[in-house]
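These notes are about the structure you will find just below.
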Protein chains: 2
Amino acid sequence: MNPLDGYLPYLLNRAGARIATAFCEEVRPLGATLQTWRVLAALHERDGRRMGDLSETTSIEVSTLTRLVDGMEKKDLVSRRRDAADARAVTLHATPAGRRLTRRLLPIAERYETVALAGFNGAEAEALKAALRRLYANMEALEKPRRQRG
Amino acid sequence: MNPLDGYLPYLLNRAGARIATAFCEEVRPLGATLQTWRVLAALHERDGRRMGDLSETTSIEVSTLTRLVDGMEKKDLVSRRRDAADARAVTLHATPAGRRLTRRLLPIAERYETVALAGFNGAEAEALKAALRRLYANMEALEKPRRQRG
DNA sequence: TCCGATTATTTGCATTTACAAATAAATGAA
DNA sequence: TTCATTTATTTGTAAATGCAAATAATCGGA
């Protein structure tokens, strides 16, 4: 086994890249991209999120997200609203067309999870997910200080 | 727990993104990027790799890699050679400056592994890595057919 | 109330990226 | 040997990306 095969960030990256590439290719015929899926999935989980929230949830840098959302708005997948409570903020909402696209993407996304975890039993799958959540939490220590947090 | 927190591709992506972002930022003062590190690490493991091999190892798309290598060559970190055995192919070699940079990056990379896996015991860490290798292998099924492979 | 500091988002701009097409070389069958 | 096919890399080009600066609004203290 090569040294890289024992290096966690490498294993993480190549696994993520493989899922991402395949998913991208598969949803392209539907007029979707991986990034639009990420936004739609985040809104499916909770609609009306702010840009900053969406950025953190999707791991898409805010300025990139702004332009991605511009495009999604033009396609009538989402709509921006000024946040009533805080006029600095913008909330994002899936439109009916956005929800329709989400419903088409959901089963594809589920299939990716199934394929990725083929041969894993329930406990193994849950252990992997738990480990990834721990890892993510561990890395918060090296995050650029945004607000104070902890 | 939100639905996304149970979705593996999401967990994978956000963990990878967090490591990537922090690493990027940290190596920037050294004049390096995450992508140059990936190339150097692959060459550190085995020097004289072909572009295609490097692309697969680093998960960097070949045409992107070509231009990345252009830049690294200008910085005298690597050099291209025509493969003696097959003149279609190009092999890439770390230069002394490239190896010096690699030596500076290695301890940083090691620290990322340590931070990421803080609180994991040896068995847990190895289980995570093994799971990521399995996952990567599972996803090969959905790869765009390159050569025949299995 | 007014103002400086903070927070949320967008914009400017240079790079990076990816798909597709082009180039270049090897390979194998006729 | 010749040529069509396959393989390896690069190039054309448009889009995506990310940092830094700009804009816009809130907040809290004087």
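Computed from heavy atoms alone, side chains included, the values below leave out hydrogens, waters and symmetry copies. A, B, ... follow the sequence lines: proteins, then strands. Residue 1 opens every chain.
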So for atom CZ, which belongs to Arg82(A), do other residues, nucleotides or ligands contribute more than 12 heavy atoms lying within a distance under 6.0 Å? yes

Between [options], which nucleotide gets closest to the side-chain atoms of [X]?
{"X": "Arg50(A)", "options": "dA8(C), dT10(D), dT10(C)", "answer": "dA8(C)"}
{"X": "Arg67(B)", "options": "dA18(C), dT10(D), dT9(C)", "answer": "dA18(C)"}
{"X": "Ser63(A)", "options": "dT9(D), dG18(D), dA25(C)", "answer": "dG18(D)"}

Main-chain N/O of [Y] paired with [X] side-chain donor or acceptor, under 3.5 Å:
{"X": "Arg133(B)", "Y": "Asp5(A)", "value": "yes"}
{"X": "Arg14(B)", "Y": "Tyr136(A)", "value": "no"}
{"X": "Thr36(B)", "Y": "Ala32(B)", "value": "no"}

Give the rounded distance in Å between these two atoms: [atom1] of [X] and [atom2] of [N].
{"X": "Glu73(B)", "N": "dT10(D)", "atom1": "CD", "atom2": "C1'", "answer": "13 Å"}
{"X": "Ile60(B)", "N": "dA8(D)", "atom1": "CD1", "atom2": "P", "answer": "19 Å"}
{"X": "Asp53(A)", "N": "dT9(C)", "atom1": "CG", "atom2": "P", "answer": "9 Å"}
{"X": "Met72(B)", "N": "dT10(D)", "atom1": "CE", "atom2": "P", "answer": "14 Å"}
{"X": "Glu56(A)", "N": "dT9(C)", "atom1": "CD", "atom2": "C1'", "answer": "15 Å"}
{"X": "Glu61(B)", "N": "dA8(D)", "atom1": "CD", "atom2": "C1'", "answer": "13 Å"}
{"X": "Asp70(B)", "N": "dT11(D)", "atom1": "CG", "atom2": "C1'", "answer": "10 Å"}
{"X": "Met51(B)", "N": "dA25(C)", "atom1": "CE", "atom2": "C1'", "answer": "16 Å"}

Near DNA chain D, under 4.0 Å by heavy atom, which residues of residues 27-48 of chain A?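 Under 4.0 Å from DNA chain D: Gln35(A).
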
Using OP1 and OP2 only, check whether a side-chain N or O of Thr64(A) sits under 4.0 Å from dG18(D).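 Affirmative; the distance criterion is met.
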
Is there a side-chain polar atom (N or O) of Arg82(A) under 4.0 Å from OP1 or OP2 of dA24(D)?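 The answer is no; no side-chain N or O of Arg82(A) sits under 4.0 Å from OP1 or OP2.
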
Where does the angle between the aromatic ring planes of Tyr7(B) and Trp37(A) fall among parallel (under 30°), tilted (30 to 60°) and perpendicular (over 60°)? perpendicular

Select from Leu68(A) and Val62(B) the residue whose nearest nucleotide in DNA chain D is closer to the 5' end of that strand.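 Here Val62(B) is the residue nearer the 5' end.
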
Taking atom types as they are modelled, is there a donor-acceptor pair under 3.5 Å from the base of dT9(C) to the side chain of Arg88(A)? no

Need to verify one output field. Residue with the more 5' nearest nucleotide on DNA chain C, Arg80(A) or Cys24(A)?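 Checking each residue's closest nucleotide, the 5'-ward one belongs to Arg80(A).
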
Residues that Glu26(B) engages under side-chain hydrogen bond (donor to acceptor under 3.5 Å, both in side chains), provided they are two or more places apart: Arg111(B), Tyr112(B)

Do the side chains of Glu113(B) and Lys129(B) get close enough for a salt bridge, i.e. N-O under 4.0 angstrom?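 Salt bridge between Glu113(B) and Lys129(B), a charged N being under 4.0 Å from a carboxylate O: yes.
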
